[in-house]
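Accompanying notes for the structure given below.
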Amino acid sequence: MDEIILLISIIMIKTQITISNTLGLHARPSMKLAELCSKFNAEIYIKKDGKKINAKNMMDILMLASGYRSQIEILVDGDDEKIAVKEIKSLFSDRFGEES
Amino acid sequence: MQTFSVHGIAASSGIAIGKVQLVSNALQEVEHYKIKKSGLDSEINRLSKAILIVKNDLSNIKKDIKKKSSDDFSSFIDIHLMMLEDKNFSFYPQEIIKLELCNAEWAIKTQLDLVISKFDAIDDLYIKERKLDVTQVAERLIKILLGHQNKKISKKNYRSTILVAHDISPADALQFKHHNYAAFITEHGGANSHTAILARGLSIPSLVAVKNARKLINNNDLVIVDGDSGLAIVNPNDQILKEYEYKQNLWEVQYKKLLKIKNVKSVTLNNQAISLMANIEDLDDIKTVLESRASGIGLFRTEFLFMNREDLPDEEEQFNTYKSIAKSMKGKPVVIRTLDSGADKTTAADTIKATNPALGLRAIRLCLSHPHLFLTQLKAILRASAFGNIKILIPMLSSLGELKQVKMLIKRAKDSLIYEGINFDADIQVGGMIEIPAVAINAEAFAKELDFLSVGTNDLIQYTLAIDRTDDSVSHLYNSVHPAVLKLISNTINAGKKYKKNVAICGEMAGDPRLTKLLIGMGLTNFSMHPASILPVKKKILESDSLKLKALASKLLKLNDSEKIETLIQKINQ
């Protein structure tokens, strides 16, 4: 059992992100994020305050209520996980194209 | 069909004859009923079909919007489309139907209540408010399920369509503006509610405070709306119909007569020039402004740029709008009022629901507590000032302290533009709205510090008489010629004279031809109103002798009896 958990933690990419757009993950960013994540085969989850939701679901992201400067953890697992993490990170660092 | 009439407050004059389109508050109408196990499949089928119809409707709206405006706005529809595909609409309601054997409408409402309770638990105020989007999606679904609105009225027919609604919010109004409805009937509102102002702006008749209108009147009923006597006749017989068609023609003939003075200069009989400016809400209004021959824009209500969207317009977007307006007015003055959000006009900037919003954090108070929001707007206005004759107008000032803060922020906006090397009008005029009684009483102090004053009579009356203008139960007490209101206006006009500063009225009073002569008598020379009111007001100006009116007005200002005031106003208008 321990080996399996170890295995999962090895193959899964985890990354911490701080929300930097001032309005937080409101409707439009949630939609953009869900749209992006849906493009990948990998399973993608977001963890925040002990809650874990599917990042391909916009309403779930929205209701996670991640405001400005809150910390979230992204978990990505699948054959295209590397490119997925890269694109997700750049979506956040671009502040969803909302602010310059 | 039986002929009957309903009564309300006459909010906008004219006569319209047309078929009714009921707009319902669907969520309030949902009833619960049990379905049989054998009917389970068909109930679920009904729900799936409704979801499909709403998807189609939204996709069509999106196509429509894309043709007209920027991409930015259509993502708002995308969000609704995505919500519709979410399990909260596409899966859970189905499960509720299976589990509880209830009707589809009830299942959606149950799920909506659950989602809303989750949103209510969210601390982030901005994200919390997104529950509005979920509610709108649910409302659309329920409307389809209840069988409302599936008989779509094509745009061509709007001209003969009479809208019957509980109320028209400023956000609805923005959309209805382009629909060419023939008339409005609402259950809620007073003569100065948004429905009324919208209807007068569109020059269509309107009745407000028609109790139970949506129960008494059915979809597609033939209705005559008489906006002068506050009466609507439902299912009229041929004789009544003929009589009103005649009246309607007569009304149109009079209107055509007015068009003849369109190009006549706005001066009184004794050669006193009176400036007639226009109030606008967005770029689309410019066409009617130019058409009306207004001498400028006396009030651009920028909050409408911020409404019906979930984000805030950035500096570039605001700059482009202000610049286009300034340029199309070709050097004529354009008074831009900074964001007057709050109370009944809410935008993404309003994150707090106040218990008494009219007295809460709104307009300049909101802007001063969010300096970044305010600076963005100020910079956009200043940048646009390089392209025309722009002035800044500050709403809801209540103290000189606020004015000082405003001036500091304007200076900061100017400094940052100088630093960025961007051109602007360094001597841009800054004026203040006079709409809080405290400021009207103390008008001289403000006249000294400001470049011009603009009296917002709607709020001034509301605050002076302590009457909510959207509340029909007290709307009979709303009196624009209340002696106290007239004294406050007169005091403001005189303060402007003393310090040689322009005073304008930009509220509904300016567009009421019944009051034109009185205001001229009180010394007012600047009127700003909805473009549709300019001709009727100009007609009054052409008949006025400001010297004679001055004597009558000063007599009227001494009166305290409302009946005597009414009689004298009638006399002034003779």
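Residue numbers start from 1 in every chain, and the chains themselves are labelled A, B, ... in the order their sequence lines are given, proteins ahead of strands. Side-chain atoms are counted along with the backbone in the values below, which use heavy atoms only and exclude waters and symmetry mates. It should be emphasised that the depicted structure is a prediction, and the values quoted were computed from it without experimental measurement.
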Give a yes or no on whether B:Glu315 atom CD has more than 12 heavy-atom contacts from other residues, nucleotides or ligands under 6.0 Å away. yes
If one checks every heavy atom of B:Asn88 against chain A at 4.5 Å, the contacting part turns out to be side chain
Can you say whether A:Ser30 sits under 4.5 Å from chain B via the side chain, the backbone, both, or neither, judging by heavy atoms? neither
All heavy atoms of A:Leu62 vs all of B:Met83, minimum pair found to be CD2-CE, 4.0 Å
Are any of the side-chain nitrogens in A:Arg28 or B:Asp78 under 4.0 Å away from the carboxylate oxygens of its partner? no
Roughly how far, to the nearest 0.5 Å, is the CE atom of B:Met82 from the CE atom of A:Met31? 6.5 Å
About how many Å separate CG of A:Leu25 and CG of B:Asp124, when rounded to the nearest 0.5 Å? 9.5 Å
Should the heavy atoms of other residues, nucleotides or ligands under 6.0 Å from NZ of B:Lys49 be counted, would the total exceed 12? no
Output for pair (B:Asp123 CG, A:Ser70 OG), nearest 0.5 Å, gives 11.5 Å
Output the distance between atom CG (A:Asp60) and atom CG (B:Asp86), rounded to the nearest 0.5 Å. 6.5 Å
What do you reckon, is CZ of B:Arg412 surrounded by more than 12 foreign heavy atoms closer than 6.0 Å? no
Has B:Asp113 got more than 12 heavy atoms of other residues, nucleotides or ligands less than 6.0 Å from its CG? yes
When only heavy atoms count and the cut-off is under 4.5 Å, which of residues 44-59 of chain A reach chain B? A:Asn57, A:Met58, A:Met59
Nearest heavy-atom approach of A:Ala27 to B:Ile79 is CB-CD1, 3.7 Å
Provide the closest heavy-atom pair for A:Ala65 versus B:Ile122 in the form atom of the first, atom of the second, distance. CB-CG2, 3.2 Å
